[in-house]
Structure formats: structure tokens, C-alpha cells
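Before any comments, here is the structure.
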Amino acid sequence: MPNEIRVRFAPSPTGYLHIGGVRTALYNWLFARQNAGKFILRIEDTDLNRSTAEAIRWILDGLDWMGLDWDEGPFVQTERLDLYNEHIDRLLASGKAYRCFCTPAELDAMRKKALAQNLPLKYDGRCRNLKEGERSGEHTLRFKAPQDGQIVIDDLIRGSVTFDQTQMDDLIIRRSDGSPTYNLTVVVDDALMGVTHVIRGEDHLSNTPRQVQLYEAFGYLVPKFGHMSLILGPDREKLSKRHGAASISEFMEMGYLPEALVNYLVRLGWSHGDQEIFSLEEVLEHWRLEDVGKSPAVFDHQKLEWLNGQWMKRVPSGEIARRLIPFLEKTGVVDQAPDLEWLEKLVLTLRERSLTLVEMAGKADFYFKELPYEAEPAQKFLTTDIEPLMEKAGEFLETVDPFDHETLYSKTKDWLETRGLKLKVLAQPLRVALTFRKDSPGLFEVMEVLGKEKTLKRIARAREWIRNQ
RNA sequence: GGCCCCAUCGUCUAACGGUUAGGACGCCAGCCUCUCACGUUGGUAAUACGGGUUCGAAUCCCGUUGGGGUCACCA
């Protein structure tokens, strides 16, 4: 399949999966799926000092959670070192690479000097034309970068971008410890894996011309590039940990839904009419890489939260119930796995008023166990005045059958009306009695989920509390 | 500092060169209501600046300003 579209996501396993990386993965995945292409996962771990197996796990888990499945890989670069060495040898043999004996200290001094004189920070190429044996010892390998002409990149998102080769320095392709560096490994891998479209963050744009030089040096076909704008923090700098949550695991822990995150991330720099809510299927149908905007976007937690609230109501309640369990366990109110069917009913009462799973779990506690009354509403609503009516209400509720919210609502209303009372007078006291606080789901929904027995028990407990005041 | 990218409400974004510059989040107010939410109605708020091109510019061109990215033996 020579015309097959092949894209890749190539994170380095040096920490949590950044939300910007998730967006990159998403765009690549979408592009592959829309074009019946292949989505390749590659782990770029050539920085031995910073890469960890744990981070690889986080990446895989994050993609899995987002529902982004890959077709090939994960390939791991440290397992492909022979390939890189072979390519480096080729450059050496054709005179396109050379040994550089400059020490880190020497290079650092060069940089400092250039900075002080306001000159471009560029390696001066002093080892470029060394005579055999002129210097020896520990050395790196540098690519002999072409020094004239221009490189024009026809970027899928940005349009035509031109770079002058004059200011491109000879980048290091092999460290003194013998390991290959990023710019070499990406090019070798992308070429060997047949990657046709490189979709990545704008922070890689200035790397692109150097990579193009390498493609040309190897005689490989240059892929198409698409550089997406970055996600910014409120201060308009690249989003990072210091702006708060920036990694996908944090969003998972905060009780966000992958549906909402996908929706939010895809709307950063892209739109389709006035539509705000997109399922993955809808995104697949409407999203186009070439419609993606060029300007960077500030990450807006509040809008994500709103979107998540929308998805809390859209994802099937049984599914929400299932995902809620770990969050309930974390709150410590549940000791054993709750019945899923019952949990789903509970979810139905809470989904309209919960922006995240964390919030929902927090609001669900009263369903599981009796809690101390919140001081202020207890004082205000659990009064000796109301106690007799609560007693009567308890007696009346015992007779209601079936014990579902519709029946409860209409019968309670009728019962109160025959006594010339409005629901309002009883609603808040009952709410405090049943939920121990002033805000809760609808009173009768609460009763239904609680069941007759617990409902009556809690009313009795409230009356006792009043009498003890 | 060199190179590169970017520029519409606070934020995310719409607007074949002709619109009262639209929508969404947020915020404010009203409505709905057993509380809180949800929902709903209305309000708030933007084309960075200066030159061109054109009958006509948010839109095309140039410049200025501002912001960002990148210049590692990181990726």
C-alpha cells in the first residue's frame, strides 16, 4: 500500500503525559482514522538519564484512557540503536559527518561569548576541517550541515515557512557516550517507518529544517509536516505544571471524563459552526487538519469543567456509575462494592449537579451512611415547631406505595394540601433529615434511592435530635 | 540577541472583501423551582496600532507594537 497515510505519536518517557502531548496524539489519531491510515506509537527514550519505565506505563495508560488506539508499536528507540549507528556510519563514510572534540566547557564558553556580544548562538565549526590526528580523545559526531540556500517547508497548518541554511549549525548526532541524539533518531525512524505526515507541536518547527537536511543527506523522501500551536497557561506561556494540572493523570484523578477532554482538546484551535459538544464520532466526521487554527490557545479550566458537566449528563448513567466507584472508594464512605443497579439510580439523581466524578462522589456520601447534620441548616430547619409535622409525615410516608419519586411527590403534595400546607414548609426540614445538609438532589428522588426503611429511620433520628436540643 | 511562528470580547472561537462583528465559557440580572444544580431569557465585553490596495478591509499587502517558540552531548 504505497499511498497509505502513516502518522505517529512519539513522546519521550520522562514524566507524566502532558496534556499538549495528548492533543498531539489525538490529532494524529484522528488524521489516521479519517484517512484509513496507520497510527504508530514510538517511545523516544534515547535520553537514558531521564527516561523511565514508569513513564512509559503512564503514556500507555493515558492513551488507553482517552480511547486512542495505535496500529503499530510501541517501538522503543533504545532497542533500535543498530539502525541509528548504521545511518551514522553512512554519513561518516560520505563525509557528511565529522568528529568534534570540543568539550562541554569549551562549547559553553563559546555560547557565553556569543551571548555577550549579541551574536547568534551557533557552533563555529572549528572541528569541521580538522586534519587527521590534530585532536584526539573523547568526541561527539556532528552533521555537516549545508550552509547555503534555503529550506522551505510547506506546513499543513502554517503554510509556507522559509529557513536560511546559513544559520544552521552542525548539530550533534552522536554523543560522546556513543548514543544517538533526537534529531537523528526521529529522521531515521520516521523514514524507516514510512511516516508520511509528521503532526506535532509548534515547538518542533525550528527543528524541522535540520531534520529536512538529514532526510536529504540520507536521500530519504521528506514527509509532510503539520505544526500545531501550543497550549498556553493563563500567563500565555507554554502550559506547564506550575499552571496547575498539566498532565493527563491529574485530569483522571480530578474526575474528568475522557469524552470531555477529547471534546475540549479538539475545540482548542478548531470549530464547526456554533457546535460546542462533539462526540468522538462527530469529531471524526467534521474535523479537518487543514481547518486547525494557527494561533496558540490558553487552557481554560472553567470551560473544561462546564464541558465535563455536559458529558456527565450524556454518558450513559450505568457507565458513569461504573466509573464512579473508584472515586467513592477514595472518599471512604463505601466499604464494599455497591450494587451497580442501585448506583445507577443514585447517579441519575446527582448527574445534573456534578461537574466531575470527584464532585459526584463527594455529594453521594449521605446515600451510604448517616452523617452529622450541618450545623447551620440543622439549627434553622430542625426545629421544635416542625417536629410534630415531621412525625405525621413519617407516618404518612410509611403508607406510600410504590415508594418511587413520582408517587411520593404527588401523594405528599396532596397530603400537605389537605392540611392547607405547601411543600415548601416541609421540604427543607426533610432534606436536612435525609441528607444532613441544605443542598441535595430532589427530595423524592432521594427517598426513592434511600428506600422506605432508611427514609423513615432518618426522619425518626432527626426528631430525636430535635428533642435533645 | 539571531531565526521562526502568532494577533477578533477576559478565555475558546465564527464571519466567499459588503453582517447591527455571531456563538460558547465566565460574570451580572430575570424566569423555572422542595434546596442546590440543570434549563431558559436578557445583559456585559473584541477586530492591537499605523500606512497602503479597493467603491468598500476584521478579512489582502507592508511596517510597528505585543506575545510565544527555539537556539543543549533534552526530546
Side-chain angles (χ1 to χ4, degrees), chain A residues 10-14 44-47 49-51 77 100 102-104 107-108 111 114-123 138-142 153 155 158-159 161-164 166-169 171-177 179 181-183 185-186 201-209 227 229-230 232 234-238 264 267-277 293-307 309-310 313 350-355 363 377 381 409 412-413 422-432 435 437-444:
Chain A
S12 64
T14 52
E44 309 218 323
D45 60 344
T46 52
D47 182 352
N49 297 322
R50 298 198 304 147
S51 298
Q77 287 193 321
C100 172
C102 297
T103 62
L107 294 170
D108 200 45
R111 265 191 295 273
L115 213 52
Q117 294 176 218
N118 267 342
L119 291 166
L121 305 165
K122 181 184 167 183
Y123 177 63
E138 198 166 77
H139 61 268
T140 60
L141 250 36
R142 281 186 191 267
I153 290 148
D155 194 276
R158 248 144 255 286
V161 184
T162 305
F163 296 87
D164 227 326
T166 335
Q167 46 223 17
M168 252 161 245
D169 56 0
L171 69 159
I172 291 175
I173 52 177
R174 175 146 73 194
R175 301 185 184 94
S176 51
D177 68 2
S179 62
T181 60
Y182 165 74
N183 280 295
T185 60
V186 250
E202 198 199 321
D203 47 347
H204 286 282
L205 187 53
S206 48
N207 274 326
T208 309
H227 288 92
S229 58
L230 302 177
L232 273 27
D235 58 358
R236 304 210 130 259
E237 282 184 38
K238 196 154 75 159
Y264 181 73
R267 274 285 285 105
L268 235 42
W270 175 83
S271 65
H272 178 68
D274 286 340
Q275 189 173 342
E276 293 288 346
I277 312 288
K294 305 192 245 205
S295 40
V298 174
F299 194 90
D300 183 356
H301 280 271
Q302 278 187 311
K303 185 146 186 183
L304 204 217
E305 210 164 59
W306 172 79
L307 258 180
Q310 295 298 313
K313 290 179 284 190
L350 247 21
R351 69 193 323 193
E352 301 271 317
R353 52 207 107 223
S354 306
L355 262 17
K363 285 181 169 170
F381 297 114
Y409 176 69
T412 305
K413 236 184 155 177
K422 293 264 195 197
L423 180 55
K424 252 188 168 66
V425 302
L426 192 58
Q428 281 306 84
L430 274 185
R431 188 183 316 284
V432 179
T435 71
R437 49 177 163 243
K438 66 179 201 303
D439 306 326
S440 82
L443 204 50
F444 303 101

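In what follows, every chain begins at residue 1, and chains take the letters A, B, ... in the order their sequences are listed.
Of the candidates B/rG22, B/rC3, B/rC38, the closest approach to any side-chain atom of A/K313 belongs to B/rC38. Listed candidates were B/rA75, B/rC6, B/rG68. Nearest to the side chain of A/E237 is B/rG68. When each of B/rU35, B/rC34, B/rC73 is scored by its nearest atom to the side-chain atoms of A/P104, the top-ranked nucleotide is B/rC73. Which of B/rA75, B/rG69, B/rC4 sits closest to the side chain of A/T46 comes down to B/rA75. The listed nucleotides are B/rA75, B/rA14, B/rC38; the one nearest the side chain of A/Y182 is B/rA75. The side chain of A/D439 lies closest to B/rU35 when the candidates are B/rC6, B/rU35, B/rC73. Comparing B/rG69, B/rG23, B/rC4 by their closest approach to the side chain of A/K238 singles out B/rG69. Checking B/rC73, B/rC5, B/rC3 against the side-chain heavy atoms of A/T140 singles out B/rC73 as nearest. Checking B/rC25, B/rC34, B/rG68 against every side-chain atom of A/E202, the shortest atom distance belongs to B/rG68. Taking the side chain of A/W306 as heavy atoms from C-beta on, and the options B/rC25, B/rC12, B/rA72, the nearest nucleotide is B/rC25.
A sub-4.0 Å separation between OP1 or OP2 of B/rC6 and a side-chain N or O of A/S229 is absent. Put simply, A/R50 has no side-chain N or O that comes within less than 4.0 Å of OP1 or OP2 on B/rA75. The phosphate of B/rC73 has neither OP1 nor OP2 within less than 4.0 Å of any side-chain N or O from A/S179.
The nucleotide B/rG2 finds its pairing partner in B/rU70, both defining distances of the Watson-Crick or G-U wobble pair being shorter than 3.5 Å. Across all strands shown, B/rU35 has no partner, as no Watson-Crick or G-U wobble contact with both distances under 3.5 Å is found. Nucleotide B/rC27 forms a pair with B/rG43, judged by Watson-Crick or G-U wobble geometry with both contacts under 3.5 Å. For B/rA7, the paired nucleotide is B/rU65, the pair qualifying as Watson-Crick or G-U wobble because both relevant distances are below 3.5 Å. Pair check for B/rU54 finds none; no Watson-Crick or G-U wobble contact set falls under 3.5 Å.
Taking a centre distance below 5.5 Å and an interplanar angle below 30 degrees as the stacking criterion, A/H204 stacks against the six-membered base ring of B/rA75.
Note on A/R111: only backbone sugar-phosphate atoms sit closer than 4.0 angstrom, heavy atoms only; bases stay farther off. Here A/L205 lies in heavy-atom contact (under 4.0 Å) with sugar-phosphate atoms only. Heavy atoms of A/N207 sit under 4.0 angstrom from at least one base atom. Contact annotation for A/K294: backbone-only contact, meaning every heavy-atom pair under 4.0 Å involves sugar-phosphate atoms and none involves a base. At the heavy-atom level, A/G442 lies under 4.0 Å from base atoms of the strands shown. Using a 4.0 Å heavy-atom distance criterion, A/T435 is classed as making no nucleic acid contact. A/Q167 comes within contact range of the sugar-phosphate backbone alone, with a heavy-atom separation under 4.0 Å but no base atom that close. At a threshold of 4.0 angstrom between heavy atoms, the contacts of A/S295 are confined to the sugar-phosphate backbone, with no base atom among them. Counting non-hydrogen atoms under 4.0 angstrom, A/L115 reaches nothing in the nucleic acid. Residue contacts for A/S271: at a heavy-atom cut-off of 4.0 Å it reaches the sugar-phosphate backbone alone, with no base atom in range. Using a 4.0 Å heavy-atom cutoff across all strands shown, A/P441 reaches at least one base atom of the nucleic acid. As judged by a 4.0 angstrom heavy-atom cut-off over every strand, A/F163 is placed among residues touching the sugar-phosphate backbone only.
The distance between atom CG of A/L268 and atom P of B/rU11, rounded to the nearest whole Å, is 13 Å. For A/D169 and B/rC73, the CG to P distance is 9 Å, given to the nearest whole Å. For the pair A/D300 CG and B/rC9 P, the computed distance is 14 Å after rounding to whole Å. Taking atom CZ of residue A/R236 and atom P of nucleotide B/rU65, one finds them 19 Å apart after rounding to whole Å. Straight-line distance from the CG atom of A/D235 to the P atom of B/rG10: 18 Å, rounded to whole Å. Between the CD atom of A/Q428 and the C1' atom of B/rU35 there is a distance of 4 Å, rounded to whole Å. Between the CD atom of A/Q310 and the C1' atom of B/rU40 there is a distance of 13 Å, rounded to whole Å. In this entry the distance linking CG of A/L141 with C1' of B/rC73 reads 11 Å, nearest Å.
Within the model, atoms CG of A/L355 and CG of A/L304 stand 10.0 Å from one another, a figure rounded to the nearest 0.5 Å. In this structure, CZ on A/R437 lies 8.5 Å from NZ on A/K363, to the nearest 0.5 angstrom. Between atom CG of residue A/L205 and atom NE2 of residue A/H227 there is a gap of 5.0 Å, rounded to the nearest 0.5 Å. Atom OG1 of residue A/T140 and atom CG of residue A/L107 lie 7.5 Å apart, to the nearest 0.5 angstrom. Taking CD from A/E305 and CG from A/D300, the interatomic distance works out to 10.0 Å, rounded to the nearest 0.5 Å.
Taking the C1' atoms as reference points, B/rC12 lies 16 Å from B/rC6, given to the whole Å. Taking atom P in both B/rG18 and B/rC61, one finds a spacing of 16 Å when rounded to whole Å.
One N or O on the side chain of A/R431 and one on the backbone of A/P441 form a donor-acceptor pair closer than 3.5 Å.
Side-chain atoms of A/R353 stay outside donor-acceptor range of the base of B/rC38, with no qualifying N/O pair under 3.5 Å.
Judged by a 6.0 Å distance limit and a 45° cone about the ring axis, A/R142 is positioned over the six-membered ring of A/Y123.
Using bins of under 30°, 30° to 60° and over 60° for the plane-to-plane angle, the ring pair A/Y182/A/H204 lands in the tilted bin.
Taking a cutoff of 4.0 Å between a charged side-chain nitrogen and a carboxylate oxygen, A/K303 and A/E276 qualify as a salt bridge.
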